[in-house]
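No experiment lies behind these values; they were computed from the predicted model shown. Counting from 1, the numbers follow the sequence of the chain as shown.
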Amino acid sequence: LNGGWGNVALKKKTSQSFSWVLTFRELKIKAPELTTQKPLNTYLGKLDYSISALKNAVVFTSNYELGAGQSPRLEFNYLLVNPGEGQYAWVDRNRDSILQVDEMEIAVFPDQARYARVAVTTPQYVRTNNVTFNPGLRIEPAAWWPKPDNRLQKTFARLSAQSSIQINRRTYSGSAGVQPWNPFQLGELADSALVTLAYGWRNILFINKTNPKWDASISSGD
């Protein structure tokens, strides 16, 4: 199943673009005696939306993707490093002198941070649900006032700003309480349901951007 459309102009000073694609695949095993793989249904969808206004002085874009399929199973190993160069400390709870994954904790003090965690892919695969959401906003007053008429317009024409959010989440298929389509379901998920989770945001304020004499910027993010 596939589909899509885009480039829809709504007003003279506002333009919007909306496109989507959805693919559904059904795997049937015609010779089960030749493989141990089971029948599998997978889907992959993508939605892109953008809107611009005030002669492109304000532009908003967003990308949303979701899918279901198989991903390599990850295992975490802990490597001994110099004190202060890692993030984890080993607490030998059962006193058997054998490092176990459930005995690793985030180090409280830098001198205890003697282990670094490394993710390793394995030959085994697990069913996962994936969702990605990346919105962004750009504001460029100079595009609306290319030739400022007064001091206020000149001041705002020197400023510009960009903001963006990135969410990339992968969960085990069939996990209880997980909404596969909802990228904002983050903190309330159990660790046992998560395969990977990456989240970040960034804001940048530009002053005199692209000016050959001087410019400056202020940024924040996580």
Side-chain angles (χ1 to χ4, degrees), residues 25-27 29 32-46 63-136 163-204 218-222:
R25 177 178 296 178
E26 181 181 8
L27 175 63
I29 307 300
E33 68 277 5
L34 301 178
T35 179
T36 59
Q37 189 170 358
K38 298 180 180 180
L40 182 68
N41 296 329
T42 59
Y43 61 88
L44 179 64
K46 182 179 180 180
N63 168 260
Y64 173 76
E65 297 183 19
L66 75 164
Q70 295 190 106
S71 300
R73 182 184 295 275
L74 295 179
E75 291 184 353
F76 292 101
N77 294 332
Y78 293 87
L79 303 179
L80 183 64
V81 297
N82 296 326
E85 294 184 359
Q87 301 85 31
Y88 294 85
W90 175 28
V91 181
D92 190 8
R93 297 187 181 90
N94 56 11
R95 301 182 183 276
D96 61 355
S97 300
I98 299 176
L99 189 152
Q100 298 171 348
V101 174
D102 60 354
E103 295 179 338
M104 305 304 296
E105 298 181 354
I106 297 293
V108 179
F109 302 103
D111 61 318
Q112 297 177 342
R114 302 190 61 184
Y115 290 87
R117 186 169 72 174
V118 179
V120 180
T121 58
T122 68
Q124 300 176 342
Y125 285 81
V126 294
R127 291 290 307 274
T128 61
N129 293 318
N130 318 317
V131 61
T132 301
F133 183 55
N134 298 317
S163 296
S164 62
I165 298 175
Q166 295 184 344
I167 301 175
N168 192 331
R169 192 195 70 197
R170 183 170 297 179
T171 57
Y172 290 107
S173 178
S175 297
V178 177
Q179 299 172 350
W181 50 268
N182 184 5
F184 299 105
Q185 191 183 23
L186 301 173
E188 65 270 24
L189 292 179
D191 292 342
S192 58
L194 284 174
V195 180
T196 58
L197 173 61
Y199 169 80
W201 58 273
R202 187 170 182 81
N203 299 314
I204 307 177
I218 303 173
S219 64
S220 63
D222 185 16

Between [X] (side chain only) and [Y] (backbone N and O only), is there a donor and an acceptor less than 3.5 Å apart?
| X | Y | result |
| --- | --- | --- |
| Q112 | A89 | no |
| R169 | N182 | yes |
| Q185 | G177 | yes |
| N134 | N63 | no |

Where is the tightest heavy-atom contact between [X] and [Y], given as atom of each residue plus distance?
| X | Y | answer |
| --- | --- | --- |
| N129 | G174 | ND2-N, 4.4 Å |
| I204 | S219 | CG1-CB, 3.9 Å |
| D102 | R93 | O-NH1, 2.6 Å |

(request) Scan for salt bridge (charged side-chain N to carboxylate O under 4.0 Å, His left out) pairs involving residues 111-122, sequence neighbours excluded, and state none if there are none. (result)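 Output for this query is empty, none listed.
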Nearest 0.5 angstrom please: [X] [atom1] to [Y] [atom2], how far?
| X | Y | atom1 | atom2 | result |
| --- | --- | --- | --- | --- |
| N203 | S164 | CG | OG | 7.5 Å |
| Q166 | T132 | CD | OG1 | 10.0 Å |
| D92 | L99 | CG | CG | 8.5 Å |

(request) For P183, enumerate each residue passing the side-chain contact (heavy atoms from CB on, under 4.5 Å) test, keeping only those at least two apart in sequence or located in another chain. (result)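 P183 satisfies side-chain contact (heavy atoms from CB on, under 4.5 Å) with Y64, V131, F133, I167 once adjacent residues are dropped.
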(message) Show me the pairs that pass ring-ring contact (aromatic ring centres under 6.0 Å, His included) and involve residues 83-119, at least two apart or across chains.
(response)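 Every pair satisfying ring-ring contact (aromatic ring centres under 6.0 Å, His included) with a residue in residues 83-119: Y78-Y88.
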(request) Could you check if a side-chain atom of E103 sits within less than 4.5 angstrom of a side-chain atom of I98, using non-hydrogen atoms only? (result)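 Contact flag for E103/I98 side chains = no.
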(message) Can you confirm whether E65 sits close enough to N130 that some side-chain heavy atom of one is under 4.5 Å from a side-chain heavy atom of the other?
(response)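 No, every pair of side-chain atoms sits at 4.5 Å or beyond.
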